[in-house]
Enquirer: 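Got a structure for you, written out below as structure tokens; questions coming shortly.
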Amino acid sequence: MVAIMESRHPSLVGAGVNSDRIHDEGTEDSDGDASVLHWPQPCPDKSAQNLDLIIKMDPEMDSQLKIGFIGAGNMAFGIAKGILSGNVLPVNVKVSAPSSKNLGRFQELGISVTHSNVEVVCGSDVVFVAVKPHLVPLVLNEISQHVTDRHIIVSVAAGVTLSTVEELLPENSVAIRLMPNLPCLVQEGALLFARGSYAKQEDGALLRSLLHRCGLVEEGPEAWIDIHTGLSGSGVAFVYLFAEALAEGAVKMGMPSALAHSIASQTVLGAGRLLRDSGKHPAQLRSEVCTPGGTTIYGLHTLEQGGVRAATMSAVESATERARELGRKSAGAGSRK
Ligand SMILES: NC(=O)C1=CN([C@@H]2O[C@H](COP(=O)(O)OP(=O)(O)OC[C@H]3O[C@@H](n4cnc5c(N)ncnc54)[C@H](OP(=O)(O)O)[C@@H]3O)[C@@H](O)[C@H]2O)C=CC1
Ligand SMILES: O=C(O)[C@@H]1CCC=N1
């Protein structure tokens with residue numbers, strides 16, 4: 001089904017719509033049959049992506065879309081790099097930050113820079129709010145009177161809920177909560193977004209089309225955003241810790257550090273690509289590496305004795321809980337009613 005629909009933005013002139021919103025879905029326990037190793041698990045929102053949501057991008061129109069970033073930190077830079085590898089032109093991107101210390105790298109991409117957040121909002125259709133979570137209420141208060149029905153406001157701040165964002169913007173504002181991760185820098189990010197009360201399906205489709213070069217982009221209910229923050233926003237740091245420990249193990253056994261780190265990063269990259277591209281469950285691939293009585297099972301036994309699996313699950317749980325806590329704090333800070 002492909003329906004031509006009106007869009008807030010001319011760049012998205014044709015999109016099929018799946019009228020089912022999934023905001024009401026909660027977090028669910030997956031209690032699947034352990035003997036059947038399906039991996040990755042089908043994303044519950046894939047139906048929207050595969051069956052109905054066919055985005056027809058008009059590259060010429062898309063190149064006219066104006067994109068703004070409030071905050072010039074690592075995450076803004078990662079998303080900007082991803083977006084620019086699509087159809088958006090650097091001349092149509094603007095970024096603001098109070099100091100100049102992070103602006104040079106944006107200028108090197110041809111992006112214009114300013115110290116005025118209001119200037120970014122006034123010149124943009126889609127505005128990414130990419131400041132630290134505790135600063136979101138301050139920034140939204142500052143820009144609120146300049147936000148119109150032209151805008152899509154996309155917050156990437158960990159924990160900060162859509163209701164906090166919407167409360168600080170004019171009534172009926174279109175807000176989207178996005179949780180990206182740092183590998184957007186190399187177009188291998190994992191991004192999950194949830195639409196606010198007034199963000200239509202085509203607004204989500206527009207964001208998806210903008211971000212498609214950043215990596216995997218999925219839509220889900222807001223309840224999953226904090227979980228995704230633990231799994232993937234923070235999860236990349238957990239993987240780096242593991243990579244570092246792999247290298248240190250090799251150094252302990254006598255390998256030069258530079259070579260050990262180079263091999264550790266290639267090992268993580270190769271393992272990740274094989275996991276994603278093979279479609280196999282990680283347990284399946286792990287068993288393919290294990291020779292009975294061989295080296296790998298001895299190493300895996302040691303990892304299990306060290307509680308690596310429980311520790312990793314707890315790390316995702318802690319990071320998720322912390323995101324929820326940040327959300328409660330920012331709701332308190334932003335409350336004006
Ligand atoms: N880093 C990551 O891996 C991820 C981060 N996030 C989220 O992204 C957001 C940004 O994080 P990150 O990029 O790491 O942070 P950084 O510290 O790297 O960048 C923060 C940016 O915000 C700017 N800033 C501070 N105050 C203001 C203000 N009043 N108006 C405009 N800009 C301001 C800073 O300015 P200046 O340059 O002058 O210091 C800086 O450029 C956070 O909310 C975080 O939760 C989400 C997913 C992953
Ligand atoms: O550590 C943080 O709070 C941010 C959010 C996810 C990754 N970095």
Side-chain angles (χ1 to χ4, degrees), residues 27-47 49-50 179 181-192 215-218 220 224 226-323:
T27 309
E28 59 185 12
D29 290 326
S30 61
D31 198 12
D33 180 352
S35 64
V36 183
L37 298 179
H38 295 299
W39 188 268
Q41 294 293 321
C43 175
D45 191 39
K46 277 281 193 222
S47 56
Q49 198 181 341
N50 292 345
M179 181 46 56
N181 68 2
L182 207 50
C184 286
L185 274 167
V186 291
Q187 296 174 38
E188 291 290 0
L191 303 88
L192 182 69
L216 175 73
V217 186
E218 299 284 3
W224 293 351
D226 288 333
I227 303 171
H228 176 75
T229 306
L231 168 65
S232 190
S234 300
V236 288
F238 308 156
V239 173
Y240 293 141
L241 182 88
F242 190 73
E244 191 184 352
L246 276 179
E248 283 172 350
V251 171
K252 185 179 181 196
M253 300 315 291
M255 185 180 278
S257 176
L259 181 61
H261 281 277
S262 166
I263 291 174
S265 73
Q266 181 62 25
T267 302
V268 169
L269 175 68
R273 278 198 62 186
L274 185 59
L275 179 59
R276 181 187 64 186
D277 297 351
S278 69
K280 291 180 180 174
H281 193 285
Q284 175 69 40
L285 287 168
R286 192 160 45 79
S287 85
E288 288 175 18
V289 182
C290 271
T291 304
T295 61
T296 312
I297 193 63
Y298 273 69
L300 286 171
H301 188 199
T302 303
L303 282 173
E304 296 287 12
Q305 282 172 327
V308 72
R309 186 190 298 259
T312 306
M313 289 173 68
S314 295
V316 175
E317 185 179 20
S318 307
T320 303
E321 292 296 356
R322 177 60 179 158

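Computed from a prediction, not measured in an experiment: that's the story for all the values here.
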Enquirer: Identify, with sequence neighbours excluded, every residue that meets side-chain contact (heavy atoms from CB on, under 4.5 Å) alongside A260.
Expert: A247, A250, V251, M255

Enquirer: For the pair T267 (side chain) and I263 (backbone), establish whether a donor and an acceptor sit closer than 3.5 Å, ignoring hydrogens and angles.
Expert: yes

Enquirer: How far apart are the C-alpha atoms of S287 and Q284, what are their side-chain angles, what is the distance that settles it, and do they pass the side-chain contact (heavy atoms from CB on, under 4.5 Å) test?
Expert: CA-CA 5 Å; S287 85; Q284 175 69 40; 4.3 Å; yes

Enquirer: Under 3.5 Å, is there a donor-acceptor pair between the side chain of H228 and the main chain of G233?
Expert: no

Enquirer: With R286, which residues qualify under side chain to side chain donor-acceptor pair (under 3.5 Å), at least two apart?
Expert: none

Enquirer: If every non-hydrogen atom of A243 is compared with every non-hydrogen atom of A264, which pair is closest and at what distance?
Expert: O-CB, 3.5 Å

Enquirer: Would you indicate whether the side-chain heavy atoms of Y298 and T295 approach each other to under 4.5 Å?
Expert: no

Enquirer: Residues in side chain to side chain donor-acceptor pair (under 3.5 Å) with T229, at least two apart?
Expert: none

Enquirer: With sequence neighbours excluded, tell me which residues meet side-chain contact (heavy atoms from CB on, under 4.5 Å) with T296.
Expert: V289, C290, L300

Enquirer: Does a side chain donor of either T320 or D226 reach within less than 3.5 Å of an acceptor in the other side chain?
Expert: no

Enquirer: Go through E188 and R276 one step at a time and tell me if the side-chain contact (heavy atoms from CB on, under 4.5 Å) criterion holds.
Expert: CA-CA 11 Å; E188 291 290 0; R276 181 187 64 186; 2.7 Å; yes

Enquirer: Salt bridge or not between E317 and R322? Use side-chain N to carboxylate O under 4.0 Å.
Expert: no

Enquirer: Output all residues satisfying side-chain contact (heavy atoms from CB on, under 4.5 Å) with V239, sequence neighbours left out; order by chain, then residue number.
Expert: V268

Enquirer: Could you give the distance from OG (S234) to CG (L182), rounded to the nearest 0.5 Å?
Expert: 11.5 Å

Enquirer: L285: which residues meet the side-chain contact (heavy atoms from CB on, under 4.5 Å) condition with it, sequence neighbours left out?
Expert: L274, L275, S278, K280, E288

Enquirer: Just so I know, are the side chains of P183 and V236 near enough to count as touching, which here means a heavy-atom distance under 4.5 Å?
Expert: yes

Enquirer: Which heavy atom of F238 sits nearest a heavy atom of V316, and at what distance?
Expert: CE1-N, 4.1 Å

